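Comments concern the structure below.
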Amino acid sequence: MPVGIDTSKPHSARFWNYFVGGKDNYEVDREIGDHIKEIFPGLVDVAVTSRHFLGRAVRHLAGEQGIRQFLDIGTGLPTADNTHEVAQRVAPDARIVYVDNDPIVLAHANALLTSTPEGKTAYLDADLYDPDAVLEAAGTLDLSRPVALMILNTLGHVADYEQARDLVRRLMAGLPSGSHLVISDSTATSEGMIAASAAYNASGAVPYHVRGIEEIAGFFDGLELVDPGVVQVTRWRPEPSDSANPADPAVSVDAYCGVGRKP
């Protein structure tokens, strides 16, 4: 077991990994996962559909907007269709920097460091709470050219909403016009999700705070929202293949997302 990894308490990256069918988790993560499934089975759909949103957003940005640089903060554990895999299938010359400061993610970082010969993938051990350091260290990217800033299922760990907004503002301030912000997070839009969040936070894990839809929308202040705006993750540009899986836009999930362009 890598040094610094605590298996006595649940961990958000391992917990999420369990929900999306991964193998990088421990008994303590599976126990709280199974407990939460009993309280609110819909959280599994949130995990799966949020992952599908990532793919659709990256394909849109790389394919339709010509974005060739991605800064993915709060990387989590690698599963299938990570940001670099999706982006480089569309644009082999895409460059991706993953950012996390968690020992378990660092231990799996090599799985994220594959790349096409034309592109580049890097992993940065840095902290969301220090945006200036993140931007200074993201040397794989050319910050004079547009960047897609990806912060997926991560901002809920920032307890204070205004602090979370300020972190997003500071990161976007360091990126040029034409850059995009991509956010998804679980939301306090049902009693089941609120109960699931309370059970998770009581487990000893680092707390995750679910927010209202208007608060998710607030992260995009000053940006031009890409259609269809801030919506459930299943309803952001659904694709024909989605009808055969849990990303079906008819499925209602307690997770909202958006993509915004910096003017």
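This is a predicted model, so every value here is computed, not measured.
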Main chain of Ala47, side chain of Ser50: is a donor-acceptor contact present, judged purely on distance under 3.5 Å? no
Considering non-hydrogen atoms only, spot the tightest contact between Thr187 and Ala255 and give its length. OG1-N, 3.5 Å
Do Val158 and His209 have side-chain heavy atoms sitting under 4.5 Å apart? no
Applying the 4.5 Å side-chain criterion to the ILVMFWY set and letting contacts propagate, would Ile73 and Val259 be lumped into a single cluster? no
Does Val46 belong to the same Ile/Leu/Val/Met/Phe/Trp/Tyr cluster as Val210, with side-chain heavy atoms less than 4.5 Å apart forming each link? yes
How long is the span from the CD1 atom in Ile151 to the CZ atom in Phe219, to the nearest 0.5 Å? 8.0 Å
Give a yes or no on whether the backbone of Thr75 and the side-chain of Asp100 come within a donor-acceptor separation of less than 3.5 Å. yes
Applying ring-ring contact (aromatic ring centres under 6.0 Å, His included), run through Tyr98 and His84 and close with a yes or a no. CA-CA 9 Å; Tyr98 291 102; His84 74 282; 5.7 Å; yes
Here the gap from Leu135 atom CG to Asp130 atom CG, rounded to the nearest 0.5 Å, amounts to 9.5 Å
Contact summary for Ala57 and Trp236, nearest pair of heavy atoms: CA-CZ3, 3.8 Å
Are Met193 and Tyr256 joined in one hydrophobic group, where the rule is that I, L, V, M, F, W and Y side chains link up if heavy atoms are under 4.5 Å apart? no
Answer yes or no: is there an ion pair linking Arg68 with Asp93, defined by an N-O contact shorter than 4.0 Å? yes
Consider only side-chain heavy atoms of I, L, V, M, F, W and Y, link residues closer than 4.5 Å, and tell whether Leu141 and Met150 are in one cluster. no
How many angstroms lie between OG1 in Thr116 and CD in Glu85, if you round to the nearest 0.5 Å? 11.5 Å
CA sep, side-chain torsions, deciding dist, call: Phe70, Val182, side chain to side chain contact (heavy atoms under 4.5 Å, CB included): CA-CA 10 Å; Phe70 294 81; Val182 183; over 6 Å; no
Gln69 side-chain N/O to Pro146 backbone N/O, donor-acceptor pair under 3.5 Å: yes
Rounded to the nearest 0.5 Å, how far does CD of Glu118 lie from CD of Gln88? 8.0 Å
Show the nearest heavy-atom pair for residues Pro263 and Gly222, with the distance to one decimal. CD-O, 3.6 Å
Which atom names give the shortest non-hydrogen contact between Leu155 and Arg211, and what distance separates them? O-NH1, 3.0 Å
Would you say the side-chain atoms of Ser184 pair up with the backbone N or O of Leu152, donor to acceptor, closer than 3.5 Å? no
For Glu191, look at atom CD and say whether over 12 heavy atoms of other residues, nucleotides or ligands are found less than 6.0 Å away. no
Using atom types as modelled and distance alone, determine if a side-chain donor or acceptor of Tyr161 lies under 3.5 Å from a backbone N or O of Glu215. yes
Trace of the side chain to side chain contact (heavy atoms under 4.5 Å, CB included) decision for Leu128 with Val99: CA-CA 8 Å; Leu128 170 66; Val99 180; over 6 Å; no
Of all heavy-atom pairs linking Ala199 and Ile36, the shortest is CB-CG1, 4.3 Å
Starting at NZ of Lys262, measure out to CG of Leu149 and round the result to the nearest 0.5 Å. 10.5 Å
According to the side chain to side chain donor-acceptor pair (under 3.5 Å) rule, which pairs have a member within residues 137-147, sequence neighbours left out? Asp142-Ser144
Neighbour count >12 (heavy atoms, 6.0 Å) for atom NZ, Lys37: yes
Does any non-hydrogen side-chain atom of Thr189 lie less than 4.5 Å from one of Gln232? no
Looking at every non-hydrogen atom in both residues, tell me the closest pair between Ala148 and Leu61 and how far apart they are. CB-CD1, 3.8 Å
Quick one: do Leu225 and Leu181 end up in the same hydrophobic cluster if we chain Ile, Leu, Val, Met, Phe, Trp and Tyr together by side-chain heavy atoms under 4.5 Å apart? yes
Does the distance from a Lys or Arg side-chain N to an Asp or Glu carboxylate O, for Arg169 and Asp221, drop under 4.0 Å? no
If I take atom CG from residue Asp254 and atom CD1 from residue Ile194, how far apart are they, to the nearest 0.5 angstrom? 8.5 Å
Closer than 3.5 angstrom, by distance alone: can the side chain of Arg235 be matched with the main-chain N or O of Val230 as a donor-acceptor pair? no
Val168 vs Arg165 side-chain heavy atoms within contact, under 4.5 Å: no
Exam field: side chain His180 to backbone Val147, donor-acceptor pair closer than 3.5 Å: no
Run the side chain to side chain contact (heavy atoms under 4.5 Å, CB included) test on His52 and Val233 for me, step by step, so that the C-alpha distance in whole Å, both residues' side-chain angles and the decisive distance to 0.1 Å come before the verdict. CA-CA 8 Å; His52 292 157; Val233 292; over 6 Å; no
Would you check if the side chain of Ser203 reaches a backbone N or O of Asn201 as a donor-acceptor pair within less than 3.5 Å? no
Given side chain to side chain contact (heavy atoms under 4.5 Å, CB included), test Tyr208 with Asn153 step by step and report yes or no. CA-CA 9 Å; Tyr208 190 96; Asn153 305 101; 4.1 Å; yes
